[in-house]
Novice: 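What follows is a structure written as structure tokens; I'll ask about it next.
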Amino acid sequence: MSTDLLDKGYEPQEVEQRWYAFWEKEGLFRAEAESDRKSFSIVIPPPNVTGVLHMGHALNNVLQDILCRYRRNRGDNVLWMPGTDHAGIATQNVVERQLAAEGTDRHDLGREQFIERVWRWREESGGAIINQLKRLGASCDWERERFTMDEGLSRAVRKVFVQLYEEGLIFRGDYIINWCPRCDTALADLEVEHEEVDAHLYHILYPFTAGEGGITVATTRPETMLGDTAVAVNPDDERYHNLPSEQVRLPLTDREIPIIRDSYVDTSFGTGGLKVTPAHDPNDFEISRRHSLPAVKAIGDDGRMTEEAGTYAGMDRFECRKAVLKDLEEQGLLQKIDPLKHSVGHCYRCGVVVEPNLSRQWFVKAKPLADKAMAAVREGETRIIPDMWERTYFDWLENIRDWCISRQIWWGHQIPAWTCEDCGELIVAMEDPQKCPKCSSTELVQETDVLDTWFSSALWPFSTMGWPDETPLLKTFYPTSALVTAFDILFFWVARMMMMGIHFMKDVPFRDVYIHALVRDEQGQKMSKSKGNVIDPLLIIDNYGTDAFRFTLAAFAAQGRDVKMSEKRVEGYRHFINKLWNAARFSLMHLDRPCPDIPSEGLSLPDRWILSRLYRVMRTVEEGIDTYRFNEAAGALYQFVWHEFCDWYLEAIKPTLHGKTDESARNATLSVLWRVLRETLILLHPFIPFVTEEIWHKLPGTEGS
RNA sequence: AGGCACGUAGCUCAGGGGGAGAGCACUACCUUGACACGGUAGGGGUCGUUGGUUCAAAUCCAAUCGUGCCUACCA
């Protein structure tokens with residue numbers, strides 16, 4: 001009997017460091033590119049290269065790690081592919097802020113130097129998130145770590161772009177897009193966050209060019225009137241039959257614009273008169289196409305009024321709004337101001353009010369790709385779990401619009417398109433062209449835009465495995481077994497991976513999509529820096545140990561409900577880790593040798609009972625993990641370890657262990673104890689890898705991992 | 001405007017046609033050689049409201065109230 005097998009209290013820090021180093025050294029997370037074993041694969045949702053670990057990452061990666069370790073325990077050939085995302089706008093913003101602090105900007109630096117600077121920043125900070133994932137215990141195959149701007153992945157991006165272009169699924173067009181004047185780039189529809197604000201509805205009179213009166217239009221953005229090219233009314237609106245004139249004078253300008261009829265106009269809204277600003281409103285843009293109206297761009301890409309705005313040129317758009325209202329007021333054309341709640345789009349990266357703007361951008365024709373992505377889920381090739389998200393997935397894909405993929409930033413994959421200066425030919429190619437195929441000119445200028453970050457992320461499941469080459473890795477691990485992610489990137493990422501995966505690999509990128517909840521604070525608020533309610537996972541790990549933290553996350557990861565995180569809870573599960581530690585400590589006082597053979601008869605009642613409970617919890621855990629009900633598995637283990645194994649079994653066998661019985665009964669009990677402890681450690685390992693590993697190696701007869 | 005989810009013990013939540021549960025908090029007792037990050041015993045809820053289906057409803061259905069979130073081009 002000895003008590004020095006395990007220290008009295010569990011010391012996570014030392015144990016965690018030691019074991020993680022051991023696992024890495026032994027290559028235990030390494031996947032075999034070719035193997036007879038069953039494959040199991042997951043690609044990590046690549047965190048932003050410049051990011052730091054937050055609670056969302058923690059939950060996301062712990063759940064993936066549980067799946068991977070569980071499969072490894074079962075003998076599967078497991079690939080957990082790690083990597084990071086270059087996060088175009090977000091990363092560029094960070095570096096631009098640094099430059100601003102140094103009193104310079106990217107234009108001073110020039111494109112090449114700026115990009116170098118970003119790469120440098122990536123070198124400095126790119127390792128942080130990876131090391132933090134390791135502290136979580138993440139068992140990724142680190143030797144395969146990828147980055148969305150790796151050479152290989154960039155080649156995949158180019159290949160995809162060129163092929164889609166040749167298939168007519170990528171095109172360039174003049175379109176109304178969302179423009180962020182702060183980030184100075186186009187945004188996809190998804191990248192716009194709508195927020196309800198208290199605003200005003202201004203009623204403005206546009207006088208007829210002949211006769212009395214005019215048409216009153218209503219708008220929330222009066223400054224856009226400077227870009228109006230028509231006034232629209234509903235053809236059935238009797239108020240506007242037999243007008244004295246078919247033209248109105250656009251106030252504050254010397255322009256005359258036509259009155260058009262379009263059924264889009266809602267007769268019940270305002271006065272039934274709609275100002276049409278094709279360059280600055282998506283609906284107006286559509287109307288303008290139907291009626292062949294010109295577009296006048298009154299607001300520039302920098303958020304200031306253009307020359308088209310006449311005397312207002314150069315003004316900030318919101319300054320201009322005030323000025324326009326004042327001038328209209330003076331001319332007696334501002335008839336009414338109503339309060340109005342409506343939603344205004346903001347840039348998801350910087351929060352600035354987005355300006356719809358007409359410009360030439362690149363698009364992916366989404367419909368054909370979306371149809372197949374829907375079919376795959378409908379036919380069960382990919383399961384979305386919990387299935388309530390299927391509906392959301394379908395809703396979005398059914399109403400999908402073309403995906404604007406060009407961004408006017410510098411950090412990202414530059415679009416592989418060139419224009420011939422001499423003949424205007426557009427060239428899209430894998431390799432940088434030397435001369436124009438049409439006129440042989442060497443004056444070729446590459447498109448300056450880069451691709452939306454999500455374009456490269458959409459290829460992640462196969463680009464990380466070496467596509468477009470036909471690699472053994474792809475053969476073994478594609479389609480991946482599961483994708484684990486939060487719902488907030490269901491459209492951004494999951495749906496697009498489905499579209500690209502099906503198109504290029506002819507098979508879905510994953511069999512299961514498990515959508516987990518968001519981690520919130522104690523009050524259920526989203527954690528954000530501005531609210532100051534962020535709980536740093538690393539701090540929690542420092543204070544309570546990784547295992548306690550992991551178990552807390554797993555225990556609260558009930559499907560369909562957000563996880564409210566607080567230190568108090570982690571503390572509770574630290575008690576559990578300690579309980580397990582001490583149960584092991586007690587057991588090891590008696591288990592001084594391997595006892596693998598459980599006698600087939602003569603077992604005591606407690607022995608038989610705990611074995612039956614063990615088998616039951618084994619089934620529950622297996623079922624829980626297989627169905628992504630991590631909380632059920634964790635809950636069952638908690639209950640079993642504490643209230644069955646510790647409270648009942650260990651207490652019940654104390655008399656036997658403490659000697660007063662015959663040797664064969666004692667041996668029988670020891671063999672049961674040995675077995676139960678061993679199996680329990682295996683069951684617990686995916687959840688709490690460090691403490692179980694530490695105990696495992698003290699248990700006689702369980703050398704190796 | 002549509003959609004989704006959620007309202008169960010003081011708090012956080014699991015459960016899901018027939019015993020109302022867990023953790024934390026609380027009360028009393030226990031410094032018993034695994035563990036006070038512990039043990040034993042205990043208090044506490046008419047499972048949002050109202051109807052319906054059923055022999056039976058916290059559990060299914062409908063309505064209603066409340067909360068949160070997502071999608072959306074009504075200026």
Side-chain angles (χ1 to χ4, degrees), chain A residues 1 3 5-10 176 178 189-190 192-194 199 201-204 217-222 224-225 228 231-232 264-277 280-287 340 342-343 345 356 386 388-396 398-399 401 487-488 490-491 517-518 520 522-526 544-545 548 552 555-566 568-590 629 631-632 634-636 638-639 642-643 645-647 650-651 654 657-658:
Chain A
M1 235 194 250
T3 49
L5 284 169
L6 293 178
D7 297 332
K8 188 164 177 180
Y10 175 60
I176 187 106
N178 308 289
D189 296 330
L190 268 182
V192 177
E193 282 178 355
H194 294 271
L201 188 62
Y202 303 97
H203 293 72
I204 303 166
V217 300
T219 180
T220 53
R221 297 184 299 152
T224 63
M225 68 177 289
D228 285 3
V231 165
Y264 166 76
V265 182
D266 181 353
T267 53
S268 64
F269 189 91
T271 56
L274 171 74
K275 61 191 273 310
V276 182
T277 323
H280 299 293
D281 185 282
N283 300 310
D284 296 5
F285 176 75
E286 293 298 327
I287 293 172
L340 182 78
H342 78 144
S343 67
M388 62 173 181
W389 291 109
E390 279 187 11
R391 188 178 182 132
T392 312
Y393 173 86
F394 287 132
D395 276 356
W396 188 71
E398 266 158 24
N399 301 310
R401 307 201 316 195
F487 63 81
D488 53 349
L490 183 60
F491 310 133
L518 257 33
R520 298 175 178 279
E522 265 178 295
Q523 273 78 42
Q525 301 272 319
K526 207 166 176 168
Y544 301 96
T552 310
F556 282 100
Q559 284 187 7
R561 196 188 284 254
D562 290 342
V563 178
K564 292 184 194 163
M565 178 51 62
S566 77
K568 200 92 192 156
R569 299 185 173 195
V570 186
E571 200 179 327
Y573 286 104
R574 183 181 58 175
H575 298 340
F576 174 69
I577 304 295
N578 192 252
K579 187 73 180 175
L580 172 71
W581 181 257
N582 279 289
R585 192 162 161 264
F586 172 78
S587 304
L588 290 174
M589 287 174 183
H590 304 280
R629 295 170 199 274
N631 60 314
E632 286 179 17
Y638 185 99
Q639 173 71 22
W642 201 311
H643 300 300
F645 183 65
C646 292
D647 287 352
L650 290 185
E651 294 305 323
K654 274 177 182 174
L657 294 180
H658 288 136

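Every chain is numbered from 1, with letters handed out A, B, ... down the list of sequences.
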Novice: Rounded to the nearest Å, what distance is computed from the CG atom of residue A/N582 to the P atom of nucleotide B/rA36?
Specialist: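 Interatomic distance, CG of A/N582 to P of B/rA36: 7 Å.
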
Novice: Check each of A/I287, A/V217, A/V231, A/D281 against A/L274 using the side chain to side chain contact (heavy atoms under 4.5 Å, CB included) test, and report the only one that passes.
Specialist: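 Of all the options given, the one that passes is A/I287.
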
Novice: In terms of the nearest nucleotide of RNA chain B, which residue is placed more toward the 5' end: A/F576 or A/K275?
Specialist: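 Nearest-nucleotide comparison on RNA chain B picks A/F576.
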
Novice: Step through it carefully: locate the ring centre of A/Y638, locate the ring centre of A/Y573, and say whether they are under 6.0 Å apart.
Specialist: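 Distance test on ring centres: under 6.0 Å, yes.
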
Novice: Look at the side chain of A/M388 and decide which nucleotide, out of B/rC4, B/rC37, B/rU40, has an atom nearest to it.
Specialist: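 That would be B/rC4.
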
Novice: For B/rC4 and A/R391 - does any side-chain N or O of the residue sit under 4.0 Å from the phosphate oxygens OP1/OP2?
Specialist: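 Answer is yes, contact under 4.0 Å.
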
Novice: Do the side chains of A/N631 and A/F556 get nearer than 4.5 Å, heavy atoms only?
Specialist: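 Counting from C-beta outward, A/F556 and A/N631 never come under 4.5 Å.
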
Novice: OP1, OP2 of B/rA34 versus side-chain N and O of A/K654: anything below 4.0 Å?
Specialist: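 It does, given that an N or O in the side chain of A/K654 lies less than 4.0 Å from OP1 or OP2 of B/rA34.
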
Novice: What distance, rounded to whole Å, do you find between the two C1' atoms, one in B/rC47 and one in B/rC6?
Specialist: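 The same atom, C1', in both gives a distance of 14 Å.
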
Novice: Which value, in whole Å, describes the distance between the C1' atoms of nucleotides B/rG43 and B/rU27?
Specialist: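 After rounding to an integer number of Å, I get 7 Å for this pair.
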
Novice: Write down the distance between CZ (A/R401) and C1' (B/rC73), rounded to a whole number of angstrom.
Specialist: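 Rounded to the whole Å, the gap is 7 Å.
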
Novice: For B/rG3, does OP1 or OP2 lie under 4.0 Å from any side-chain N or O of A/W389?
Specialist: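 So the side chain of A/W389 is outside the cut-off, no N or O lying under 4.0 Å from OP1 or OP2 of B/rG3.
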
Novice: Assign each of A/Y638 and A/G272 to its nearest nucleotide of RNA chain B by heavy atoms, then name whichever residue's nucleotide is nearer the 5' end.
Specialist: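 With A/Y638 and A/G272 compared, the 5'-side residue is A/Y638.
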
Novice: Going by atom types alone, do A/N582 and A/N578 pair a side-chain donor with an acceptor below 3.5 Å?
Specialist: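 Yes, A/N578 and A/N582 have a side-chain donor paired with an acceptor closer than 3.5 Å.
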
Novice: Using Watson-Crick and G-U wobble pairs with both distances under 3.5 Å, what is the 5'-to-3' dot-bracket string of RNA chain B, with [ ] for crossing pairs and | for pairs outside the strand?
Specialist: ((((((((.[[[[.).....]]]].(((((.......))))).....(((((.......))))))))))))....

Novice: Is the shortest heavy-atom distance from the side chain of A/W396 to the side chain of A/L490 under 4.5 Å?
Specialist: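 A side-chain contact is absent here, since even the closest heavy-atom pair is not under 4.5 Å.
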
Novice: Expressed as a whole number of angstroms, how long is the span from A/N283:CG to B/rA75:P?
Specialist: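 Spelled out: CG on A/N283 to P on B/rA75 is 9 Å.
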
Novice: Measuring from the side chain of A/W396 (C-beta onward, heavy atoms only), which nucleotide among B/rG15, B/rA75, B/rU71 has the closest atom?
Specialist: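 Among the listed nucleotides, the one closest to the side chain of A/W396 is B/rU71.
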
Novice: Can you tell me if A/H643 touches the phosphate of B/rU40, counting only side-chain N or O atoms and a distance under 4.0 Å to OP1 or OP2?
Specialist: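 For B/rU40, OP1/OP2 do not have a side-chain N/O of A/H643 under 4.0 Å.
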
Novice: In whole Å, measure the gap between the P atoms of B/rG19 and B/rC30 for me.
Specialist: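 Taking atom P in both B/rG19 and B/rC30, they lie 38 Å apart.
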
Novice: Tell me: CG of A/D488 to P of B/rC4, nearest whole Å?
Specialist: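 Result: 20 Å.
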
Novice: For nucleotides B/rG48 and B/rU67, find the distance between their C1' atoms and express it as a whole number of Å.
Specialist: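 Approximately 11 Å lies between the C1' atom of B/rG48 and that of B/rU67.
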
Novice: For the side chain of A/F586, starting at C-beta, report the closest nucleotide among B/rU71, B/rA75, B/rA34.
Specialist: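 For the A/F586 side chain, the nearest candidate turns out to be B/rA34.
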
Novice: Do the side-chain N or O atoms of A/H575 get closer than 4.0 angstrom to the phosphate oxygens (OP1, OP2) of B/rG38?
Specialist: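 Answer is yes, contact under 4.0 Å.
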
Novice: State, yes or no, whether a side-chain contact exists between A/H203 and A/T271 at a heavy-atom distance under 4.5 Å.
Specialist: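 They are in contact (side-chain heavy atoms under 4.5 Å apart), so the answer is yes.
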
Novice: Is there a side-chain contact between A/T224 and A/K275, using heavy atoms and a 4.5 Å cut-off?
Specialist: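 A/T224 vs A/K275: side chains touch.
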
Novice: For the side chain of A/D281, starting at C-beta, report the closest nucleotide among B/rC70, B/rG3, B/rA75.
Specialist: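 Looking only at heavy atoms from C-beta outward on A/D281, the closest nucleotide is B/rA75.
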
Novice: How many Å lie between CG on A/L580 and P on B/rC37, as a whole number?
Specialist: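 Value for this atom pair: 17 Å.
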
Novice: With heavy atoms under 4.0 Å as the rule, sort A/D647 into base, sugar-phosphate or nothing.
Specialist: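 A/D647: backbone/sugar contact only, no base atoms under 4.0 Å.
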
Novice: Rounded to the nearest angstrom, tell me the gap between atom CG in A/L650 and atom P in B/rG33.
Specialist: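 So the CG-P distance, A/L650 to B/rG33, works out to 16 Å.
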
Novice: Between B/rU53 and B/rG16, how far apart are the two P atoms, rounded to whole Å?
Specialist: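 The answer is 26 Å between these two P atoms.
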
Novice: Return the nearest nucleotide to the side chain of A/K579; candidates are B/rA34, B/rA75, B/rC73.
Specialist: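 The listed nucleotide nearest to A/K579's side chain is B/rA34.
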
Novice: Got A/F487 and A/M388 here, is their nearest side-chain heavy-atom distance under 4.5 Å?
Specialist: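 Side-chain contact under 4.5 Å: no.
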
Novice: Could you please name the option among B/rG15, B/rA34, B/rA75 that lies closest to any side-chain atom of A/D266?
Specialist: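 The answer is B/rA75, which lies nearest to the side chain.
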
Novice: Would you mind reporting whether A/L657 and A/F586 have side-chain heavy atoms less than 4.5 Å apart?
Specialist: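 Touching, per the 4.5 Å side-chain cut-off.
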
Novice: Do A/P282 and A/I176 have side-chain heavy atoms sitting under 4.5 Å apart?
Specialist: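 Yes, close enough: below the 4.5 Å cut-off.
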
Novice: Expressed in whole Å, how much space separates the P atoms belonging to B/rU50 and B/rC55?
Specialist: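 One P to the other, the span is 23 Å.
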
Novice: Rounded to whole angstrom, note down the P distance from B/rU49 over to B/rG66.
Specialist: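 Those two atoms are separated by 15 Å.
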
Novice: Between B/rA34, B/rA75, B/rC69, spot the one nearest the side chain of A/V265, thanks.
Specialist: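 Taking heavy atoms from C-beta onward, the closest nucleotide is B/rA75.
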
Novice: Tell me the interatomic distance from A/F269, atom CZ, to B/rC73, atom C1', rounded to whole angstroms.
Specialist: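 From A/F269 CZ to B/rC73 C1': 12 Å.
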
Novice: Taking only the C1' atom of each, what is the distance from B/rC73 to B/rC11 in whole angstrom?
Specialist: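 Each nucleotide's C1' atom is 44 Å from the other's.
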
Novice: In terms of side-chain heavy atoms of A/W642, which of B/rU71, B/rG39, B/rA34 is nearest?
Specialist: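 Nearest to the side-chain atoms of A/W642, counting from C-beta on, is B/rG39.
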
Novice: Counting the atoms with a prime plus P, OP1 and OP2 as sugar-phosphate, which does A/F491 contact under 4.0 Å by heavy atoms, base, sugar-phosphate, or nothing?
Specialist: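 Contact class for A/F491: sugar-phosphate only.
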
Novice: Nearest whole angstrom, please: distance from the P of B/rC73 to the CD of A/E286.
Specialist: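 Whole-Å distance recorded here is 11 Å.
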
